[in-house]
**Student:** 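One structure coming up, written as structure tokens, with questions to follow.
Bear in mind the structure is a predicted one, so any value in this text is a computation, not a measurement. Quick note: numbers below take in every heavy atom, side chains included, and nothing from hydrogens, waters or symmetry partners.
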Amino acid sequence: MTIDVEERIASADEAEAAEAEVIETETGAAQAEVRKPWARWTGLTLAAAATLLAVAAGYFKWQGDSVRLAERAATESVRAASDGTVAMLSYRPETVDTELKAAADRLTGGFRGEYTKLVDTVVAPGAKQKHISAVATVPDAASVSATENHAVVLVFVNQTTSIGKDAPTASTSTVRVTLDKVHERWLISQFDPV
């Protein structure tokens, strides 16, 4: 009987140990379950932060590219407006037809048609008949606005005009020049004295 009691005690000790092991395993699993949401939140937070940084980097790159394109457009359009203004307003009676027709190649849209009509009906006949010559210069020009395909430039013009053998007369003016980029060229689409 002592052996039987000892076996029962040993069996009870084993059962107690097994039960303690099960409890310990369950407690560890429960604690691990409690830790898993924090781990998930940490992972999600890091992923969200990385995504936000990538989006911010992309936005700032786009902004930088946009600024560079606008600066380039401003520089190119100011040059085109200045050169176009000089070409449109400078001529000699002997070559007025070729000079002003060449200037029309710097224009676009309805303005090109208006300019060509004015040259053909008024400027060229008057220059030939009265021996009028004009020389325009642009001492300064400034970009008002510029995008990749459209720009507005303020152009300051000095023009000296000679009629026959009379003394030349000088005039100054300011012109608001609107340009559109057509086939990689800045062309004047409006020419408005200010």
Side-chain angles (χ1 to χ4, degrees), residues 55-194:
V55 168
Y59 172 77
F60 288 124
K61 182 179 179 344
W62 173 78
Q63 272 299 96
D65 290 347
S66 294
V67 168
R68 279 189 291 282
L69 285 173
E71 288 172 351
R72 182 175 164 198
T75 301
E76 291 175 357
S77 62
V78 165
R79 188 177 319 117
S82 299
D83 294 346
T85 298
V86 169
M88 288 171 51
L89 300 177
S90 298
Y91 54 89
R92 293 182 313 237
E94 311 82 42
T95 56
V96 67
D97 292 320
T98 55
E99 289 174 319
L100 297 184
K101 284 192 193 299
D105 288 340
R106 298 170 183 261
L107 315 178
T108 189
F111 178 63
R112 181 179 177 145
E114 292 170 15
Y115 177 80
T116 302
K117 183 177 178 183
L118 180 68
V119 166
D120 291 343
T121 59
V122 177
V123 178
K128 291 175 192 174
Q129 182 184 23
K130 296 181 180 181
H131 298 286
I132 300 172
S133 49
V135 177
T137 59
V138 174
D140 204 4
S143 177
V144 175
S145 65
T147 64
E148 191 175 350
N149 295 312
H150 184 78
V152 177
V153 178
L154 195 60
V155 179
F156 300 94
V157 183
N158 292 334
Q159 188 175 31
T160 303
T161 307
S162 299
I163 301 174
K165 298 197 188 270
D166 293 345
T169 57
S171 62
T172 59
S173 59
T174 306
V175 182
R176 181 182 173 98
V177 180
T178 304
L179 301 104
D180 292 314
K181 196 167 191 180
V182 179
H183 304 295
E184 299 303 314
R185 287 183 63 209
W186 285 101
L187 301 176
I188 298 172
S189 58
Q190 284 184 294
F191 195 82
D192 302 310
V194 178

**Student:** Any side-chain heavy atom of T85 within less than 4.5 Å of one from V177?
**Tutor:** yes
**Student:** Taking atom CG of L100 and atom CG of D105, what is their separation to the nearest 0.5 Å?
**Tutor:** 11.5 Å
**Student:** Could you walk me through whether L107 and M88 pass side-chain contact (heavy atoms from CB on, under 4.5 Å), step by step?
**Tutor:** CA-CA 9 Å; L107 315 178; M88 288 171 51; 3.6 Å; yes
**Student:** Is the count of non-hydrogen atoms from other residues, nucleotides or ligands lying under 6.0 Å from E148 atom CD greater than 12?
**Tutor:** no
**Student:** Quick one: does S173's side chain get under 4.5 Å of P193's, heavy atoms only?
**Tutor:** no
**Student:** Does I163 reach the side chain of H131, with side-chain heavy atoms less than 4.5 Å apart?
**Tutor:** no
**Student:** Looking at R106 and R185, what are the two nearest heavy atoms and their distance?
**Tutor:** CA-NH2, 4.2 Å
**Student:** Can you give me the closest heavy-atom contact between A136 and V86, atom names plus distance?
**Tutor:** O-CG1, 3.6 Å
**Student:** Any heavy-atom pair between the side chains of T172 and V157 that's under 4.5 Å?
**Tutor:** no
**Student:** Of all heavy-atom pairs between W186 and A73, which one has the smallest distance, and what is that distance?
**Tutor:** CZ2-CB, 3.8 Å
**Student:** Does any non-hydrogen side-chain atom of N149 lie less than 4.5 Å from one of D180?
**Tutor:** no
**Student:** Is any NZ, NE, NH1 or NH2 atom of the basic residue among K181 and E76 found under 4.0 Å from an Asp or Glu carboxylate oxygen of the other?
**Tutor:** yes
**Student:** Could you check whether any side-chain N or O of T116 sits under 3.5 Å from a backbone N or O of G113, counting only pairs where one atom can act as donor and the other as acceptor?
**Tutor:** no
**Student:** For S133 versus R92, what's the shortest heavy-atom pair and its separation?
**Tutor:** CB-CA, 3.9 Å
**Student:** Work out which heavy atom in A103 is nearest to a heavy atom in Y115; give both atom names and the distance.
**Tutor:** CB-OH, 3.8 Å
**Student:** Spell out, as yes or no, whether a donor-acceptor pair under 3.5 Å connects the side chain of T147 to the backbone of H150.
**Tutor:** yes
**Student:** Do L154 and V194 have side-chain heavy atoms sitting under 4.5 Å apart?
**Tutor:** yes
**Student:** Got T178 and F111 here, is their nearest side-chain heavy-atom distance under 4.5 Å?
**Tutor:** no
**Student:** Stepwise, does the side-chain contact (heavy atoms from CB on, under 4.5 Å) test hold for F191 with L89?
**Tutor:** CA-CA 12 Å; F191 195 82; L89 300 177; 4.2 Å; yes
**Student:** Only one of I188, L179, V152 clears side-chain contact (heavy atoms from CB on, under 4.5 Å) with S77; which?
**Tutor:** L179
**Student:** With a 4.0 Å cut-off on N to O distance, would you call K101 and D120 a salt bridge?
**Tutor:** yes
**Student:** Would you check, one step at a time, whether the test side-chain contact (heavy atoms from CB on, under 4.5 Å) holds for D97 with K128?
**Tutor:** CA-CA 9 Å; D97 292 320; K128 291 175 192 174; 2.5 Å; yes
**Student:** Quick one: closest heavy-atom pair of P168 and S162, and the distance?
**Tutor:** CB-OG, 3.6 Å
**Student:** With the side chain counted from C-beta on, respond yes when Y91 and V123 share a heavy-atom pair under 4.5 Å apart, and no when they do not.
**Tutor:** yes
